[in-house]
Amino acid sequence: TTSSGKLLTLMNPAYMLRQLYEFELQNSRISSHITSLNPIRLENAPDQWEKKALQSFEHGIEEVAGIDTIDGVEYYRLIRPLKMEEGCLKCHPQKDNESVIRGGYGITLPMQTYSVMLMNSKHRLILIHTLVWLIGLLGLVVLYILLSRSINKRKASEAELLKLNNELEDRVKERTVEVENALNQNKSILESAGEGIYGLDLEGNSTFVNQAAAELLGYTKEELLGIQMHANHHHHKADGSEYLRIECPIYSSFTDGISKKISDEVFWKKDGTPFFVEYASTPVYKDGTLTGAVVVFKDITKRRKNLEDITNERNKAEQYFEIAGIMLVILDKVGIVTKVNAKGCEVLGYPANKIIGKNWFDTFVPDNMKEAISQIYEEIMKGENTAAEFYENPIVNRNGEERLIEWHNVILKDNDGNPVGTLSSGEDITMRNKAQEEIRNANRIYTVLSNINQMIVRTNNKQNIFDEA
């Protein structure tokens, strides 16, 4: 009875489910069924499909579904287990070792409607694929037609291009003749050039000479025209040995048709003095035939002298670098050693080839300082920090010993002022610091001993006073 006095009837769950299933069967095509291997009501006995499903539940299967044929009609069937719970024991007492699976409840759905839908779907797919095939075939036909037209157009274009190419070659030949004529007619332009210029025929005789060439060689233009130029000013090498014509790059350029550029030979002046020259010899063709060469040269004596001075200064710097009494190390932008002197090798305990190419911070800085120092170096290279010109920090040598180095650093920069590395000079002050520390210790000991001596004197004085008393 409810709180309002309404009388209720207690019904077991199985009966309620049957009523629900019967109502459901009246309103839809889906039928439901509760069953068991040991049914209380015979109406709930399982058929063959349900029996197999109920037996599988005993092995832990939680759900069985599939297509089954009943009276020649296909149905989709699904069944799940009914497990015993505490509320079930009032009507279904459980024996010892009895399974908790009491039975199962399932649904049955006729597949006829869905089979028709599936068949219709297949028909639609077949129709769609047929249409796609036809469209594709039509596309291939259209593509073939377009390609045929394209090939015909290309052939026509190639023919036209060939015609234009022939016309262009003819125009180029005509233009080449015009250029050569203009070159012959405008030799006077060469006179304004700062370099010496002269032309040679296939025999090595001069065909023209500009004023600069005559002045550099110490002749007049008239003296140089029509003569063998190799015998005139290229007859000997810088060391005084004879320079045979067959060895001369200028001569070879108008025999093999290959341009030459030389920068370490000498020409000889009319007065017999040599001067270093840089020259280029370029073959000249007329109507495809080699006719001679043009030589352009300039005096590079001063440039060579400047280069020699720079080389000597660099060699001196290299010598100073190597013989310096302090260690010198050059690092690139990422901390790789690019150069180290003999003193650096001595302090580190390695030959130069075992140091160059190594990361300085990973190889020669104590472990407890690697990260901090490499981070500072990276910031300096990025321009985010300023390097200390003088500082002290230890390095680790080949024997694993830490040596205290007093460093002087210089930032190396490129032409734009960007840091590209460092040059560091370092002095090993380990022994000096050790000696200073020993002196400080000795001073502390001396101070302590002096204080002890004063205490002894005071103690003796007090003892004498006691004795007199």
Side-chain angles (χ1 to χ4, degrees), residues 175-314:
R175 184 59 179 165
T176 301
V177 172
E178 293 175 1
V179 170
E180 290 177 352
N181 292 335
L183 180 64
N184 294 329
Q185 296 171 1
N186 295 288
K187 287 183 180 179
S188 59
I189 298 176
L190 299 176
E191 299 302 329
S192 62
E195 294 86 0
I197 304 173
Y198 60 84
L200 299 173
D201 61 19
L202 293 179
E203 300 299 325
N205 299 318
S206 62
T207 56
F208 69 88
V209 179
N210 74 343
Q211 187 61 35
E215 292 176 357
L216 288 170
L217 294 171
Y219 293 90
T220 64
K221 290 173 58 177
E222 290 72 18
E223 290 176 312
L224 293 175
L225 284 174
I227 67 172
Q228 280 279 333
M229 297 297 275
H230 180 81
N232 176 264
H233 61 266
H234 205 198
H235 41 75
H236 285 80
K237 300 179 181 178
D239 60 2
S241 61
E242 184 178 3
Y243 204 160
L244 298 178
R245 174 177 170 176
I246 195 171
E247 299 175 351
C248 176
I250 297 175
Y251 174 79
S252 66
S253 67
F254 58 77
T255 55
D256 60 18
I258 299 175
S259 297
K260 306 293 190 307
K261 185 173 183 179
I262 306 297
S263 59
D264 59 352
E265 293 185 353
V266 296
F267 283 175
W268 297 82
K269 294 184 178 183
K270 183 177 182 179
D271 61 7
T273 59
F275 62 99
F276 281 96
V277 293
E278 178 182 84
Y279 68 83
S281 179
T282 305
V284 175
Y285 292 86
K286 184 175 183 179
D287 296 329
T289 301
L290 184 63
T291 60
V294 173
V295 179
V296 180
F297 69 95
K298 59 183 176 181
D299 187 346
I300 60 169
T301 304
K302 291 183 179 179
R303 190 176 75 185
R304 283 181 62 91
K305 180 62 170 60
N306 293 336
L307 182 61
E308 289 177 0
D309 292 342
I310 293 172
T311 301
N312 291 335
E313 291 299 323
R314 183 166 59 242

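We're numbering straight along the sequence, starting at 1.
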*Asks:* Taking side chain to side chain contact (heavy atoms under 4.5 Å, CB included) as the definition, give me every residue that meets it alongside Val296, ordered by chain and number, with sequence neighbours left out.
*Replies:* Glu195, Ile197, Val294

*Asks:* Please report the closest heavy-atom contact between Pro283 and Gly257, naming both atoms and the distance.
*Replies:* CG-O, 3.4 Å

*Asks:* Ser206 side chain to Leu200 main-chain N or O, any donor-acceptor pair under 3.5 Å?
*Replies:* no

*Asks:* Could you go through Val209 and Tyr219, starting from their C-alpha distance and side-chain angles, then the distance that decides it, and tell me whether this counts as side-chain contact (heavy atoms from CB on, under 4.5 Å)?
*Replies:* CA-CA 11 Å; Val209 179; Tyr219 293 90; over 6 Å; no

*Asks:* Is the His234 to Tyr279 ring centre distance short of 6.0 Å?
*Replies:* yes

*Asks:* When rounded to the nearest 0.5 angstrom, what is the spacing between CD in Glu308 and CG in Asn312?
*Replies:* 7.0 Å

*Asks:* With sequence neighbours left out, what residues match Lys269 under salt bridge (Lys or Arg N to Asp or Glu O under 4.0 Å)?
*Replies:* none

*Asks:* How many angstroms lie between atom CG of Leu224 and atom CG of Asn210, to the nearest 0.5 angstrom?
*Replies:* 10.0 Å

*Asks:* Starting at CD1 of Ile250, measure out to OG of Ser252 and round the result to the nearest 0.5 Å.
*Replies:* 9.0 Å

*Asks:* Who pairs with Thr291 by side chain to side chain contact (heavy atoms under 4.5 Å, CB included), at least two apart in sequence or on another chain?
*Replies:* Val284, Lys286

*Asks:* Answer whether the closest heavy-atom distance between the side chains of Thr255 and Leu290 falls below 4.5 Å.
*Replies:* no

*Asks:* Distance alone, cut at 3.5 Å: any donor-acceptor contact between the side chains of Asp239 and Ser241?
*Replies:* yes

*Asks:* Among all residues two or more places apart in sequence or in another chain, which pass the side chain to side chain contact (heavy atoms under 4.5 Å, CB included) test with Glu278?
*Replies:* Lys261, Ser263, Lys298, Ile300, Arg303

*Asks:* Enter the distance from Thr282:OG1 to Ile258:CD1 here, rounded to the nearest 0.5 Å.
*Replies:* 12.5 Å

*Asks:* So, for Lys260 and Pro249, which heavy atoms are closest and what is the spacing to 0.1 Å?
*Replies:* CG-O, 3.5 Å

*Asks:* From Asp271 CG over to Leu217 CG, what is the distance, rounded to the nearest 0.5 angstrom?
*Replies:* 10.5 Å

*Asks:* Find the distance between CZ (Phe267) and CG (Asn232) and round it off to the nearest 0.5 Å.
*Replies:* 10.0 Å

*Asks:* Donor-acceptor pair, distance only, cut-off 3.5 Å: does the side chain of Trp268 make one with the backbone of His236?
*Replies:* yes

*Asks:* Under the side chain to side chain donor-acceptor pair (under 3.5 Å) rule, what pairs show up with a residue in residues 242-251, not counting sequence neighbours?
*Replies:* Gln228-Arg245, Tyr243-Glu265

*Asks:* Can you list every pair that meets salt bridge (charged side-chain N to carboxylate O under 4.0 Å, His left out) and has a residue in residues 212-221, with sequence neighbours left out?
*Replies:* Glu191-Lys221

*Asks:* Does Thr301 reach the main-chain N or O of Phe275 with its side chain, forming a donor-acceptor pair under 3.5 Å?
*Replies:* no

